[in-house]
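Note that the numbering runs from 1 along the sequence shown for the chain. Source: prediction; values computed, not measured.
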Amino acid sequence: MKNLILFIGIIFLFYNCTKKNETTVIIDIENMKKDTAMFILIPFGEKFSNKFKTVNITDGKFKFDTLINKPHLGIIIPNAYYKKLPNGDKYPIPSKSINFFLYPNDKIQIKGEIKEYRTEFTVDGNILNKQFSQYWSSNLDDFENQCKLMFQGDSISIINPNDSSLILIDRKIHDATKMKNGNIIRFIKENPDFEISAFLLFDRSEEVIREYYNNLSENVKLSDYGKLLQNKINTWNQIKIGSKAPVFELINIDNNKIRLHEILGKRKFVVLDFWGSWCGPCMMEMPKMKEFHSQHKEQIELIGIACRDTKNNWIEAIKKHDLNWTQLFNGNENQDISVKYGIKGYPTKVIINPNGTIEGIYLGVNDDFFIKMSELLNKEKTTTNKV
């Protein structure tokens with residue numbers, strides 16, 4: 001098999017650094033043919049970036065210079081990461097991505113083999129990579145099984161949405177997802193002295209994070225990802241019903257700055273709807289949100305805040321679905337509003353009263369938010385009539 005050797009790096013000049021910290025990444029992946037790959041670098045603690053470098057693979061070699069002055073998460077997504085559905089659309093297979101961790105002056109080497117539904121690889125160069133390699137190899141079978149089932153299910157639904165086998169596949173996907181998530185928790189529980197356990201814990205639910213954070217060793221709590229977990233917990237402790245809503249400034253679809261403190265008091269309530277064009281449940285709920293806005297726009301200032309999105313997809317979704325209330329783009333890399341509000345999933349709606357106090361926080365698609373708004377508006381109406 002022909003090996004693909006990549007010398008990858010990206011020059012980051014966004015920081016004031018007087019010393020150049022050159023980092024080298026060498027990748028050797030079997031079975032990767034002439035291809036292209038997306039190379040993404042995300043500084044620890046920052047949200048997933050839509051910015052990436054496209055690498056054109058020629059004769060199996062490519063070289064970059066890498067300059068970083070802080071730790072980064074690296075992600076490599078080859079074109080082979082996608083499989084074609086029966087309708088020709090590309091379908092992502094996450095078990096084929098390559099993840100690794102970079103520190104200034106590291107010498108990282110990644111070796112492995114790419115297959116139909118998985119990429120087997122190991123990474124060295126620092127202790128976090130060695131720990132991640134251990135996690136990846138121990139959980140890859142279940143991850144691959146989940147991704148394979150999801151691809152098969154979507155393929156069948158395109159050919160025949162009424163195929164009876166979809167019921168069985170959905171059940172298998174549920175079981176595979178449960179197995180994969182259970183393995184992640186077991187790995188965290190069995191390795192409380194691994195910093196990678198803090199990384200794996202970062203995207204779990206609040207309940208799981210609070211439970212297993214306490215089991216981590218003191219050294220892990222003081223590590224980069226341990227500190228990020230503590231910051232997330234601190235935010236959750238601050239952002240709750242009865243607390244003051246964090247102020248912010250974001251850009252609307254016309255590139256005008258919108259500031260929360262300038263909106264408070266103009267309506268009886270402000271509702272922040274954290275959503276994304278990529279989020280199926282968010283888009284499924286939009287017709288109901290449109291009806292809600294139409295009925296209460298004189299009493300409520302509804303503000304959509306697009307998260308983890310691209311500007312083009314955000315604008316396209318607004319126009320396509322006629323989302324005619326205030327829409328803001330959470331694209332400021334230095335001020336992630338979803339982090340300030342401790343958002344755990346999408347959609348999430350936050351109700352704020354005219355005094356800037358949080359009246360309710362509602363995660364997911366359900367009627368609890370609409371019931372609460374009816375109660376608040378009826379209470380406000382009753383109070384006004386008495387006066």
*Tell me whether the guanidinium CZ or amine NZ of K84 lies under 6.0 angstrom from the six-membered ring centre of Y91 and within 45° of its axis.*
no

*Who pairs with Y117 by ring-ring contact (aromatic ring centres under 6.0 Å, His included), at least two apart in sequence or on another chain?*
none

*Under 3.5 Å, is there a donor-acceptor pair between the S277 and D309 side chains?*
yes

_Partner set under ring-ring contact (aromatic ring centres under 6.0 Å, His included) for W325, not counting sequence neighbours_ = H293

_Distance alone, cut at 3.5 Å: any donor-acceptor contact between the side chains of E301 and T326?_
yes

_Under 3.5 Å side-chain donor-acceptor pair for Q109 and D124_ = no

_Aromatic Y81 / basic K96 pairing, under 6.0 angstrom, 45° off normal_ = no

*asked:* Before we go on, tell me: are the rings of F292 and F369 under 6.0 Å apart, centre to centre?
replied: yes

_Which residues pass the side chain to side chain contact (heavy atoms under 4.5 Å, CB included) test with N183, not counting sequence neighbours?_
N139, D142, M179, R186

*What residues, two or more places apart in sequence or in another chain, satisfy side-chain hydrogen bond (donor to acceptor under 3.5 Å, both in side chains) together with S97?*
none

_Heavy-atom side-chain proximity of Q131 to Q134 below 4.5 angstrom_ = no

_Residues which pass side chain to side chain contact (heavy atoms under 4.5 Å, CB included) with K257, listed by chain and number, not counting sequence neighbours_ = E249, I251, R259

*Which residues satisfy the side chain to side chain contact (heavy atoms under 4.5 Å, CB included) test with D367, sequence neighbours excluded?*
K288, F370, I371

*Under the ring pair (Phe, Tyr, Trp, His ring centres under 6.0 Å) rule, what pairs show up with a residue in residues 221-243, not counting sequence neighbours?*
F44-Y225, F199-Y225

*asked:* Under the rule for ring-ring contact (aromatic ring centres under 6.0 Å, His included), what residues qualify as partners of Y362, not counting sequence neighbours?
replied: none

*How many angstroms lie between atom CD of Q327 and atom CD1 of I318, to the nearest 0.5 angstrom?*
4.5 Å

_Residues N219 and D193: side-chain donor-acceptor under 3.5 angstrom_ = no

Which pairs of donor and acceptor atoms, one on a side chain in residues 344-352, lie under 3.5 Å apart (sequence neighbours left out)?
| unit_1 | atom_1 | unit_2 | atom_2 | d |
| --- | --- | --- | --- | --- |
| K344 | NZ | E206 | OE1 | 2.0 |
| T348 | OG1 | G345 | O | 2.6 |
| K349 | NZ | E285 | OE1 | 2.8 |
| K349 | NZ | E285 | OE2 | 3.4 |

_side chain to side chain contact (heavy atoms under 4.5 Å, CB included) against K107, all qualifying residues, sequence neighbours excluded_ = T24

_Please enumerate all residues that pass side-chain hydrogen bond (donor to acceptor under 3.5 Å, both in side chains) together with S217, with sequence neighbours excluded._
none

*Tell me the disulfide (SG to SG under 2.5 Å) pairs involving residues 217-304, sequence neighbours left out?*
C279-C282

*Any chance the side chains of N312 and T310 put a donor and an acceptor closer than 3.5 Å?*
no

